[in-house]
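The structure appears right after this line, and notes come after that.
In each ligand, atom 1 is the first atom listed, and ligand 1 is the first ligand listed. Any value given below was found using the heavy atoms of this structure, including those in side chains, with hydrogens, waters and symmetry copies removed.
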Amino acid sequence: MSTEGDYDCIVIGAGVQGSFTAYQLAKKKQRTLLLEQFVLPHTRGSSHGQTRIIRKAYDQDYYTVMMEECYRLWAQLEEEASVKLVRQTGLLVMGPENSLQYQVVKNTLQKNRVPMVILPPEEFSKHIPNVNLSEGDGALVDTTAGVLFADRALRAVQGQFLKLGGIIKDGQKVSDIKPGALVTVMVSGGVYRAKNLVLTAGSWTNGMLSYIGLQLPLKVLKINVCYWKEKVPGSYNVQQRFPAFLQVECPEGKHHIYGLPSNEYPGLMKVCYHTGSETHPDMRDRQSDRSDIDILKRYLTRCFPGLDPEPAVVESCMYTVTPDEDFVLDCHPIHNNIVIGAGFSGHGFKFGPLIGKLLCELSLGEVPSYDLSPFRIRRFPEHLKPSL
Ligand SMILES: Cc1cc2nc3c(=O)[nH]c(=O)nc-3n(C[C@H](O)[C@H](O)[C@H](O)COP(=O)(O)OP(=O)(O)OC[C@H]3O[C@@H](n4cnc5c(N)ncnc54)[C@H](O)[C@@H]3O)c2cc1C
Ligand SMILES: O=C(O)[C@@H]1CCCCN1
């Protein structure tokens with residue numbers, strides 16, 4: 001077994017969160033190694049695919065407030081890497097006017113003075129053709145929102161990290177971690193040591209945490225990423241300025257339904273259900289539950305009459321979900337040179353640049369730029385005691 005040189009920091013997992021963390025560390029002159037189990041780029045985790053939603057429309061103020069800086073950081077990366085990563089399309093939010101869900105999003109936007117437009121039902125179809133607003137639903141558009149070009153963003157941030165002198169080793173699966181003043185990380189055929197470790201292993205987080213005496217209440221869900229054919233090509237197209245959308249409540253299912261304008265596959269619009277069935281991350285393709293697709297078919301038949309209600313393409317992705325759907329951004333409760341970023345619960349991509357900054361701050365022992373109390377590990381006390 002060879003022993004390779006020491007680093008200031010090792011980051012495990014080159015998804016969006018690990019890649020931005022490594023980039024921030026390299027910016028702060030830390031000698032940083034980014035380790036990834038699969039050969040890059042890959043489609044086995046949570047960060048692949050061409051698009052994600054970026055938005056300020058959130059239930060909680062703290063996410064809306066954090067997004068302010070995220071937009072700036074995305075623009076900064078666009079400039080540094082000379083690449084377009086964000087396309088402003090707006091996000092149409094629909095839900096029963098009197099429901100808590102809809103009202104909370106509306107209030108958060110208003111309170112935080114986020115530019116938005118409320119669409120009264122009688123004017124809805126003038127602004128949003130080809131969509132049937134449900135009886136009793138309210139509709140608003142978060143005009144700051146849009147589409148993030150996800151694969152391109154990952155390539156850009158990894159490229160900038162390499163330019164700063166960072167090292168990426170892909171195809172290297174971490175098989176053990178030994179905590180200490182120097183953390184030791186084992187991969188097949190090698191050992192790496194560093195003063196600090198950041199763990200951003202996505203759906204594999206609990207597997208990694210088992211090496212260091214910790215388990216978090218994380219559920220791994222397989223998401224069926226469905227693309228639906230436009231009956232008239234272009235009717236829900238990004239070029240026609242069709243927005244992304246979020247249906248916060250509807251009779252077809254308990255969870256949100258969301259969509260992005262057709263873009264990556266010409267003539268196909270991405271519409272998904274915000275939950276899926278549990279899986280082990282290595283067994284994703286054996287999970288074959290498609291009950292979410294039935295919910296989507298019924299919803300689209302009713303509300304998106306311009307789409308063929310049979311998915312033309314179904315891809316897979318994974319969510320790693322905490323019980324409250326808030327992230328985990330914290331130091332290990334005993335080994336404080338190990339930082340954990342996990343549980344992004346299907347909404348973490350847009351925060352990537354800021355998550356990177358915050359995990360870097362935690363790793364360097366700096367005071368984090370935001371109040372991280374919603375993201376602490378000790379909000380799950382029952383999970384801390386037995387495993388430590
Ligand atoms: C269908 C879908 C739609 C989504 N939509 C949105 C959206 O619209 N907007 C939004 O903001 N977010 C969205 N998200 C969420 C967002 O994509 C995720 O929160 C984010 O990608 C999580 O990134 P990550 O880096 O934590 O995980 P990952 O991308 O999975 O990265 C973790 C990495 O760690 C590696 N790893 C694990 N174990 C090891 C090991 N032993 N050794 C070495 N490497 C290892 C993995 O291979 C992987 O590459 C969506 C997610 C999905 C699945
Ligand atoms: O993070 C987002 O913006 C979307 C919203 C709907 C569910 C999936 N994630």
Side-chain angles (χ1 to χ4, degrees), residues 10-22 34-49 51-58 63 67 70 74 91 93 105 142 145-148 150-151 153-154 157 168-177 185-188 198-211 218 220-226 244-248 255-260 270-276 281-282 284 292 314-321 325 327-329 340-352 355-356 359:
I10 297 172
V11 179
I12 301 178
V16 65
Q17 315 303 6
S19 300
F20 270 106
T21 306
L34 177 58
L35 282 176
E36 168 55 48
Q37 63 180 335
F38 300 122
V39 174
L40 292 169
H42 74 87
T43 57
R44 311 269 293 270
S46 303
S47 300
H48 58 281
T51 54
R52 294 289 187 281
I53 296 171
I54 181 166
R55 59 180 162 121
K56 286 190 182 167
Y58 257 92
Y63 286 122
M67 278 312 299
C70 288
W74 280 113
L91 174 81
V93 181
V105 173
D142 165 0
V147 174
L148 270 170
D151 284 343
L154 215 57
V157 65
I168 302 180
K169 292 189 189 259
D170 60 355
Q172 301 229 351
K173 182 175 174 161
V174 172
S175 54
D176 201 4
I177 301 167
V185 174
M186 254 76 84
V187 296
S188 49
V198 179
L199 203 63
T200 44
S203 297
W204 289 265
T205 296
N206 267 334
M208 295 289 99
L209 290 177
S210 64
Y211 303 134
L218 301 173
V220 177
L221 306 179
K222 173 179 171 173
I223 306 299
N224 290 316
V225 183
C226 302
F245 82 88
L246 185 61
Q247 175 79 48
V248 295
H255 298 268
H256 296 350
I257 291 173
Y258 61 99
L260 290 94
K270 175 151 89 178
V271 182
C272 307
Y273 195 45
H274 182 49
T275 193
D282 294 326
R284 183 195 76 180
D292 53 334
V314 181
E315 296 175 342
S316 303
C317 192
M318 288 185 293
Y319 283 0
T320 312
V321 183
E325 297 198 5
F327 312 149
V328 172
L329 306 171
I340 299 153
F344 294 99
S345 303
H347 65 109
F349 206 102
K350 64 183 84 56
F351 293 96
I355 301 292
L359 294 177

| message | Does any N or O of ligand 2 fall below 3.5 Å from an N or O anywhere on Gly346, backbone included? | response | yes
| Would you call Lys350 a ligand 2 contact, heavy-atom distance under 4.0 Å? | yes
| said: Among all the protein's non-hydrogen atoms, which is closest to atom 7 (C) of ligand 2, and how far away is it? | reply: His274 ND1, 3.1 Å
| message | I need the contact type for Leu246 against ligand 2. Using non-hydrogen atoms and a strict under-4.0 Å cut-off, is it side chain, backbone, both or neither? | response | side chain
| request: Would you mind running through ligand 1 and noting each atom that sits below 4.0 Å from a heavy atom of Ile223? | output: 1 (C)
| task | Taking only heavy atoms of Ile53 into account, list the atoms of ligand 1 that are under 4.0 Å away from them. | result | 7 (C), 8 (O), 9 (N), 10 (C), 11 (O)
| query | Backbone, side chain, both or neither: what part of Val174 comes under 4.0 angstrom of ligand 1, heavy atoms only? | reply | both
| request: Around atom 24 (P) of ligand 1, find the nearest protein heavy atom and jot down its residue, atom name and distance. | output: Gln17 CG, 3.7 Å
| note | Residue, atom and distance of the protein heavy atom nearest atom 35 (C) of ligand 1 read Glu36 OE1, 3.3 Å
| field | Ligand-residue contact atoms, ligand 1 with Tyr258, heavy atoms, under 4.0 Å | value | 1 (C), 2 (C), 3 (C)
| query | If you measure from each non-hydrogen atom of His347 to ligand 2, which part falls under 4.0 Å: side chain, backbone, both or neither? | reply | both
| query | So which heavy atom in the protein is nearest atom 34 (O) of ligand 1, and how far is it from that ligand atom? | reply | Gly13 CA, 3.1 Å
| said: Side chains of Lys173 and Ser188: any donor to acceptor distance under 3.5 Å? | reply: no
| field | Ligand-residue contact atoms, ligand 1 with Thr200, heavy atoms, under 4.0 Å | value | 32 (C), 33 (C), 34 (O)
| said: Regarding atom 53 (C) of ligand 1: of the candidates Gly348, Gly45, Gly343, Cys317, which has the closest heavy atom? | reply: Cys317
| query | Among all protein non-hydrogen atoms, which one is nearest to atom 12 (N) of ligand 1, and what is the separation to 0.1 Å? | reply | Phe349 N, 3.2 Å
| note | Across all chains, not counting sequence neighbours, the ring pair (Phe, Tyr, Trp, His ring centres under 6.0 Å) partners of Tyr319 are His274
| remark: of all protein heavy atoms, closest to atom 29 (O) of ligand 1 is Ser47 OG, 2.5 Å
| Between Arg55 and ligand 2, which part of the residue brings a heavy atom under 4.0 Å of the ligand: side chain, backbone, both or neither? | side chain
| Does His347 approach ligand 1 within less than 4.0 angstrom via side chain, backbone, both or neither, non-hydrogen atoms only? | backbone
| query | Which one holds for Tyr319 and ligand 2: side chain close, backbone close, both close, or neither close, with close meaning a heavy atom under 4.0 Å? | reply | side chain
| query | Does ligand 1 have any atom sitting under 4.0 Å from a heavy atom of Arg44? | reply | no
| Looking at atom 27 (O) of ligand 1, what's its closest protein heavy atom, distance included? | Gly202 CA, 3.6 Å
